[in-house]
Amino acid sequence: MKPLLLVPALAVALTSLAAADPKVRIEPATVRPGDPVLVVVTNTKETPVGKAGDTELQFFRAKTGYQAVFAMPLTGNYDDVTVTVKGAAKPLKLKVKSHVFPEAKVVVEEELANPPATERDQIDGDNKAMITASRGTGEPQFTRAFVRPRGTVTSTFGEWRKFNDGHRSQHLGFDVAAKVGTKVTAINSGTVTFVGETFLGGNVVIIDHGAGIASAYMHLREATVKQGDVVKLGAEIAKTGETGRTTGPHLHVAVRVPGGFIDPLRFFRLRLSPAAPLATAKR
């Protein structure tokens, strides 16, 4: 029997199919400043490379294809953001809606409302250390969905706080009502990258979850973990308190992804689906 020969047109068609462009999807399709965005890439065997505006996307293997999360910046005048993935047929446009965040008046001790110059140096150092600890490096350390802490939400992401004399600061997380000493649990698995006392955030714990994602827990009475500890979803990491710049006991939770801090309550809705680690998958 003679070997089967492909006619040129069919050979070209099969070659094109094998080398088809990666398919890119964005969730959600419309966002507001401070929102998290999920980029999903399928039809590729290689880890994608791409950008959302000026932000480099940090892709990880998902159960289907690859995923990456980025932050829609809180600052800047945006009508839309361009998402580009190398090899994709064309870039995608993400529509950005304008949004007015609520404003609240807050009365605290004058030193906390208007820190003296010596304290501002500490604040700058605190902020630098916490940003460094919140880079979410490496592959995902989680395989399950992120879980919101229990409790009543008393303050939301993006709210503007007007302190004693009119100084304004934007809230980069959300607050949950809690009595002093309430158990604080990790919103997902990861590695503790920061445990320390800060001027504004009080006692703080930060967890690196990988995939560019990190979570921070502030105003704690005390931490029950130390830097370098590996924790699982739901593990105790601290007790709630009222340390730092606060008007009473509560838990402040912040989430940072490539591009900046995002609304955690919206982040919990994303359909993240990291694949099992390669070492596990081979067993």
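Judged as a salt bridge (charged side-chain N to carboxylate O under 4.0 Å, His left out), the pairs with a partner in residues 223-239 (not counting sequence neighbours) are, in order, Lys226-Asp229, Glu236-Lys239.
Residues Phe70 and Leu94 meet the side-chain proximity criterion, which asks for heavy atoms closer than 4.5 Å. Thr246 has its side chain out of reach of His252: every pair of non-hydrogen atoms, C-beta onward, lies at least 4.5 Å apart. The shortest distance between side-chain heavy atoms of Gln58 and Glu56 does not fall below 4.5 Å. Contact annotation: the side chain of Val253 approaches that of Phe174 to within less than 4.5 Å [non-hydrogen atoms, C-beta and beyond]. Contact check for Arg256 versus Ile131: side-chain heavy atoms found under the 4.5 Å cut-off. Within the 4.5 Å cutoff, side-chain heavy atoms of Thr191 are placed close to those of Val230. Using a 4.5 Å heavy-atom threshold, the side chains of His171 and Phe157 count as separate.
Between the side chains of Glu197 and Thr243, not a single donor N or O lies within less than 3.5 Å of an accepting N or O.
Looking at Val184, Ile187, Val195, Thr185 one by one, the single match for side chain to side chain contact (heavy atoms under 4.5 Å, CB included) with Ile237 turns out to be Val184.
Ion pairing between Asp126 and Arg245 fails under the 4.0 Å rule for side-chain N and carboxylate O.
A pairwise comparison of heavy atoms in Pro249 and Val180 identifies CB-CG2, 3.6 Å as the closest pair.
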Check against side-chain contact (heavy atoms from CB on, under 4.5 Å), Phe199 and Asn127: CA-CA 10 Å; Phe199 185 80; Asn127 291 340; over 6 Å; no

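Here the side chain of Ser215 pairs no donor or acceptor atom with the backbone of Val255 at under 3.5 angstrom. In terms of modelled atom types and a separation under 3.5 Å, the side chain of Ser189 and the main chain of Leu233 share a donor-acceptor contact. Here the side chain of Gln67 pairs a donor or acceptor atom with the backbone of Ser273 at under 3.5 angstrom. Counting only distance, with no hydrogens or angles, the side chain of Gln170 and the backbone of Leu74 share no donor-acceptor pair below 3.5 Å.
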Without placing hydrogens or testing angles, list every side-chain donor-acceptor pair under 3.5 Å for residues 116-125, not counting sequence neighbours.
from: Arg120; atom 1: NE; to: Pro115; atom 2: O; distance (Å): 2.8
from: Arg120; atom 1: NH2; to: Pro115; atom 2: O; distance (Å): 3.1

Under 3.5 Å, side-chain donor or acceptor atoms of residues 201-208 against the rest of the protein: list the pairs with distances, not counting sequence neighbours.
from: Asn203; atom 1: ND2; to: Leu220; atom 2: O; distance (Å): 3.0
from: Asn203; atom 1: ND2; to: Arg221; atom 2: O; distance (Å): 3.1
from: Asp208; atom 1: OD1; to: Thr137; atom 2: N; distance (Å): 3.4
from: Asp208; atom 1: OD1; to: Gly210; atom 2: N; distance (Å): 2.7
from: Asp208; atom 1: OD2; to: Thr137; atom 2: N; distance (Å): 3.0
from: Asp208; atom 1: OD2; to: Thr137; atom 2: OG1; distance (Å): 3.1

Would you be so kind as to tabulate the donor-acceptor pairs closer than 3.5 Å made by side chains of residues 28-42, with sequence neighbours excluded?
from: Arg32; atom 1: NH1; to: His99; atom 2: ND1; distance (Å): 3.4
from: Arg32; atom 1: NH1; to: His99; atom 2: NE2; distance (Å): 3.2
from: Asp35; atom 1: OD2; to: Arg32; atom 2: N; distance (Å): 3.1
from: Asp35; atom 1: OD2; to: Arg266; atom 2: NH1; distance (Å): 3.4

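Classified by interplanar angle (parallel below 30°, tilted 30° to 60°, perpendicular above 60°), the ring pair Phe146/His209 is perpendicular.
By the side chain to side chain donor-acceptor pair (under 3.5 Å) test, Thr198 pairs with no residue at all, sequence neighbours left out. Every residue two or more places apart in sequence or in another chain that forms a side chain to side chain donor-acceptor pair (under 3.5 Å) with Thr82 is listed here: Lys93.
The cluster map of Ile, Leu, Val, Met, Phe, Trp and Tyr, joined by side-chain heavy atoms under 4.5 Å apart, puts Phe268 and Val153 in the same cluster.
How far NZ of Lys179 is from OG1 of Thr240: 10.5 Å, rounded to the nearest 0.5 Å.
Heavy-atom neighbours of Glu46 CD from other residues, nucleotides or ligands within 6.0 Å: at or below the threshold of 12.
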